[in-house]
Chemist: 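Here you go, one structure.
All chains are named by letter (A, B, ...) in the order of the sequence lines, taking the proteins before the strands, and each is independently numbered beginning at 1. Hydrogens, waters and symmetry mates play no part in the numbers below; they use all other heavy atoms, side chains included. Keep in mind that this is a model prediction, so the values were computed, not measured.
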Protein chains: 2
Amino acid sequence: MTADASDTADPARPPLPAGAAPAGSRAAAARRGGRRHAGRPTMKDVAAQAGVGLKTVSRVVNGEAGVSSDTERRVQEAITSLGFRRNDSARVLRKGTTASVGLVLEDLADPFYSPLSRAVEEVARAHGALLINGSSAEDPEREQELALALCARRVDGLVIVPASDDHRYLAPEIAAGVATVFVDRPPGRIAADLVLSDNFEGARTGVAHLIAHGHRRIGFIGDRPGIHTAKERLRGYRAAMAEAGLPVADAWVAPGSTDSDRVRADAARMLDGTDGTEPVTAFFSGNNRVTVTLVRELAAPERRDRPVALVGFDDFELADLLSPPVTVVAQDPADLGRSAAELLFRRLDGADDEPRTVSRPTALIARGSGEIPPGD
Amino acid sequence: MTADASDTADPARPPLPAGAAPAGSRAAAARRGGRRHAGRPTMKDVAAQAGVGLKTVSRVVNGEAGVSSDTERRVQEAITSLGFRRNDSARVLRKGTTASVGLVLEDLADPFYSPLSRAVEEVARAHGALLINGSSAEDPEREQELALALCARRVDGLVIVPASDDHRYLAPEIAAGVATVFVDRPPGRIAADLVLSDNFEGARTGVAHLIAHGHRRIGFIGDRPGIHTAKERLRGYRAAMAEAGLPVADAWVAPGSTDSDRVRADAARMLDGTDGTEPVTAFFSGNNRVTVTLVRELAAPERRDRPVALVGFDDFELADLLSPPVTVVAQDPADLGRSAAELLFRRLDGADDEPRTVSRPTALIARGSGEIPPGD
DNA sequence: ACGTGATCTGACAACGTTGTCCAGACCGCT
DNA sequence: AGCGGTCTGGACAACGTTGTCAGATCACGT
């Protein structure tokens with residue numbers, strides 16, 4: 001029959017073709033160890049070395065009771081002498097649970113999402129789980145690819161900041177028992193746990209703040225309207241204006257990409273009133289990237305003489321050190337991540353009730369830029 | 001390698017109602033679950049449903065040749081009807097390779113490390129691998145715990161930003177074939193691939209810049225001296241001073257925690273010359289957290305009358321919008337991460353030569369704060 | 001001496017996948 | 001019809017771990 005367990009086909013390959021990832025290291029390991037099969041030591045090897053049974057090694061490794069201290073010592077010695085480390089893949093296969101959770105978000109390096117990710121990691125750690133994460137780059141297809149790859153690895157749970165608006169592809173996974181929680185944006189065409197900031201109310205409050213300081217013509221520059229948060233914030237802007245009885249000119253509302261050229265162009269248009277509409281005296285910006293671009297535009301020398309008020313959605317580092325310091329509607333991304341992870345582990349601990357939605361409040365932080373009076 | 005996992009992902013769902021009633025699919029799952037053991041369907045289940053052999057299903061799932069198109073169709077139908085997804089744990093166990101890499105760093109949410117992490121993820125993705133990452137919180141024990149947990153999961157490779165100064169615990173893992181690359185700081189008591197910024201040269205250049213603008217009394221506030229980068233930057237500071245023939249008073253050198261109270265206290269001490277030493281006219285700060293704290297301290301109203309120059313190690317967002325804009329010695333964290341990941345996959349592709357060290361240059365970015373002349 | 005538990009230990013069968021190997025079926029050719 | 005070859009398809013044994021269960025061993029009370 002097959003060559004004995006000692007060797008899994010190793011047709012000597014001195015000129016390694018690039019492509020076989022494990023081949024090189026495996027070959028190296030083979031040269032080095034020369035033991036039974038070219039891999040790492042297994043419990044079987046440890047058992048042989050210690051002169052005990054396989055299961056006894058398993059018991060020692062897992063700290064189970066029922067092993068005499070003498071046997072345990074022998075096994076421990078064999079373990080350290082062989083450099084054994086349990087193969088968790090096999091364990092996972094046997095136990096059916098991976099003690100790991102997946103996180104799919106837009107961009108791990110975004111200062112808004114990185115604390116969120118860290119918070120999820122922290123909660124996972126507290127539950128003895130590892131975190132696997134991937135960035136979707138706001139690409140629905142990539143989100144799906146990532147999420148399904150994580151499911152194939154049998155993560156116990158999934159935290160998702162959606163880039164797509166249709167998550168029916170997850171239905172079989174959820175049905176099969178993968179706990180799933182959405183954060184920051186709701187899932188599409190599927191029911192699941194959800195953690196959101198109160199985007200509508202936050203935006204309403206921020207715009208009302210500008211109105212309270214005397215502004216009547218306020219520009220809104222936001223993210224692409226397909227994104228849930230962008231939509232909600234725009235809704236909040238309109239609500240605040242309506243509540244104050246103020247009209248909203250079409251020219252004052254500019255959703256779109258967060259590309260800085262786009263944002264600057266729209267801002268300039270609103271400030272200069274090029275299209276016959278009266279110029280705005282204040283901006284409400286839909287997220288931190290837009291805010292930063294606006295700060296740059298407003299700080300330009302040619303804009304200095306006519307100060308424009310600004311309230312931004314999302315806090316950011318050093319906002320308090322700019323001149324003027326930037327007034328923001330702050331979310332707490334770490335709190336969002338923590339809440340989502342806690343919801344997730346609640347499911348993993350067996351909660352089986354209806355999907356729930358958690359809404360987290362935002363906080364208006366007045367620092368200066370939002371309290372500038374209208375210049376007209 | 002994992003790319004084909006997504007092939008099976010397409011749920012092409014003719015039988016599902018467009019309305020996507022989750023209850024419906026759940027019920028379907030329950031019916032299905034009534035099968036063997038209430039778990040997820042396996043290839044065996046698919047084989048039974050399609051009326052083919054187990055291996056044939058495997059072939060279809062992996063896109064292997066040698067399956068007639070009719071059989072393939074039957075198998076695909078069974079797959080979607082059962083909601084089957086390959087169990088990668090079993091695959092990993094069988095194949096011995098996980099197509100995943102681990103990343104251990106200090107803090108995923110740190111604006112310096114998050115682009116690094118993202119860059120590693122991007123390279124991993126290009127090689128079809130997932131990224132598992134963990135934050136060590138600058139705790140050596142936690143670093144070890146994390147790194148070994150990742151090894152137990154048989155990640156193919158490991159990228160580490162060390163928190164510890166002794167990595168002998170990794171020797172058995174590396175010997176067993178886990179490719180390992182260190183970034184930002186060198187490994188301790190072990191040889192391995194390494195990617196570093198040229199901290200010494202960067203600091204020397206930054207301090208020389210201040211000297212060139214007329215400063216003779218320059219304070220250094222840095223990170224804890226146990227950290228390699230902190231040590232190197234301090235060495236660069238001393239070298240620049242020595243090259244200019246300038247003495248360095250003990251009171252001007254303050255390594256320590258990045259805690260803002262500590263930093264402010266040391267800064268205040270140096271500025272006021274409380275201990276008989278002449279006050280400094282400029283600061284060189286050892287990292288971005290220190291820089292930000294210094295900016296805050298120098299911007300305090302009572303300091304306004306005597307401008308102090310500042311050059312910081314590490315760039316940070318909005319540095320150009322502060323007043324004055326902050327001159328920095330910039331590293332490129334994404335570049336560090338990318339280089340490290342490339343080194344890693346070079347190993348995974350079979351490279352078996354001596355460990356190599358890659359040094360990346362830094363760039364001085366003059367923005368204003370470093371060009372302020374001495375005020376005495 | 002003899003059960004009688006209590007304690008310790010190991011054989012064995014999963015877990016779900018993939019690699020090996022062999023057996024038919026079917027083809028075109030002599 | 002016989003022969004060699006190419007396609008298909010499936011049986012079976014790994015991969016390394018853990019759960020089950022039953023066998024050994026031992027101390028102890030009768």
Chemist: Would you mind checking if Glu122(B) and Arg118(B) are paired as a salt bridge, meaning a charged N to carboxylate O distance below 4.0 Å?
Modeler: yes
Chemist: Can you tell me which nucleotide in dG19(C), dT18(D), dG16(D) comes closest to the side chain of Lys55(B)?
Modeler: dG19(C)
Chemist: Expressed in angstrom and rounded to an integer, what is the separation of Asn87(A) atom CG from dG16(C) atom C1'?
Modeler: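 Interatomic distance, CG of Asn87(A) to C1' of dG16(C): 14 Å.
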Chemist: Take the protein atom CZ of Arg85(B) and the nucleotide atom P of dT17(C), then report the distance between them rounded to whole Å.
Modeler: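 It works out to 12 Å between those atoms.
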Chemist: If you check every side-chain atom of Thr56(A), which of dG10(C), dT18(D), dG16(D) has the closest atom?
Modeler: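 Side chain of Thr56(A) sits closest to dG10(C).
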Chemist: Categorize Thr71(A) for me: base, sugar-phosphate, or nothing, with a 4.0 angstrom heavy-atom threshold over every strand shown.
Modeler: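 It contacts sugar-phosphate atoms only.
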Chemist: When you measure from the side chain of Arg94(B), which nucleotide among dG9(D), dG16(D), dT18(C) comes out closest?
Modeler: dT18(C)
Chemist: Is the phosphate of dT8(D), meaning OP1 or OP2, less than 4.0 Å from a side-chain N or O of Arg59(B)?
Modeler: no
Chemist: Indicate yes or no: does Asp353(A) engage Arg347(A) in a salt bridge with an N to O separation below 4.0 Å.
Modeler: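 Looking at Arg347(A) together with Asp353(A), the answer is yes, because their closest N to O distance falls below 4.0 Å.
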Chemist: For Arg153(A) and dC15(C), what is the distance between atoms CZ and C1' respectively, to the nearest whole Å?
Modeler: 18 Å
Chemist: State whether Lys95(B) places a side-chain N or O below 4.0 Å from either non-bridging phosphate oxygen (OP1 or OP2) of dA14(D).
Modeler: no
Chemist: Among side-chain atoms of Ser68(A) and Asp70(A), is any donor-acceptor pair under 3.5 angstrom?
Modeler: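 No.
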Chemist: Would you mind reading off the distance between Leu93(A) atom CG and dC15(D) atom C1', rounded to a whole angstrom?
Modeler: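 Interatomic distance, CG of Leu93(A) to C1' of dC15(D): 9 Å.
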Chemist: Atom OG of Ser89(A) and atom CZ of Arg94(B): how far apart are they, to the nearest 0.5 Å?
Modeler: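 The OG atom of Ser89(A) sits 14.0 Å away from the CZ atom of Arg94(B).
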Chemist: Using only side-chain N and O atoms of Asn62(A), determine if any of them is under 4.0 Å from OP1 or OP2 of dT18(D).
Modeler: yes
Chemist: Scan side-chain atoms only and decide if Ser135(B) and Glu121(A) contain a donor-acceptor pair under the 3.5 Å cut-off.
Modeler: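 A pair is found: one side chain offers a donor N or O, the other an acceptor, under 3.5 Å apart.
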Chemist: Does OP1 or OP2 of dT9(C) have a side-chain N or O of Ser68(A) closer than 4.0 Å?
Modeler: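 Yes, Ser68(A) has a side-chain N/O under 4.0 Å of OP1/OP2 on dT9(C).
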Chemist: With distance as the sole criterion, do the side chain of Arg40(B) and the base of dG16(C) form a donor-acceptor contact below 3.5 Å?
Modeler: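 Such a pair does not exist between side chain and base.
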Chemist: Using a heavy-atom cut-off of under 4.0 Å over every strand shown, decide if Val92(B) touches base, sugar-phosphate, or nothing.
Modeler: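 No contact.
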Chemist: Tell me whether the side-chain N/O atoms of Ser58(B) come closer than 4.0 Å to OP1 or OP2 in dG19(C).
Modeler: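 Checking dG19(C) against Ser58(B), no side-chain N or O comes under 4.0 Å of OP1 or OP2.
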Chemist: Rounding to a whole Å, what distance do you find between Lys44(B):NZ and dC15(C):C1'?
Modeler: 10 Å
Chemist: Between Glu173(B) and Thr180(B), does the side-chain hydrogen bond (donor to acceptor under 3.5 Å, both in side chains) criterion hold? Intermediate values first, please.
Modeler: CA-CA 9 Å; Glu173(B) 310 302 328; Thr180(B) 306; over 6 Å; no
Chemist: If you check the Leu54(B) side chain, which of dT17(D), dG16(C), dT18(C) turns out closest?
Modeler: dT18(C)
Chemist: Taking CZ from Arg74(A) and C1' from dC8(C), how many angstroms apart are they, rounded to a whole number?
Modeler: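 Roughly 12 Å, once rounded to whole Å.
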Chemist: By nearest nucleotide on DNA chain D, pick out whichever of Glu72(B) and Glu64(A) is the more 5' one.
Modeler: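 Nearest-nucleotide comparison on DNA chain D picks Glu72(B).
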Chemist: Rounded to whole angstroms, how far apart are CE on Met43(B) and P on dC12(D)?
Modeler: 19 Å
Chemist: Quick check for you: among dT17(C), dC15(D), dG10(C), whose closest atom lies nearest to any side-chain atom of Val52(A)?
Modeler: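 Per side-chain heavy atoms of Val52(A), the pick is dG10(C).
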Chemist: In whole angstrom, what separates Asp45(B)'s CG from dG16(C)'s P?
Modeler: 8 Å
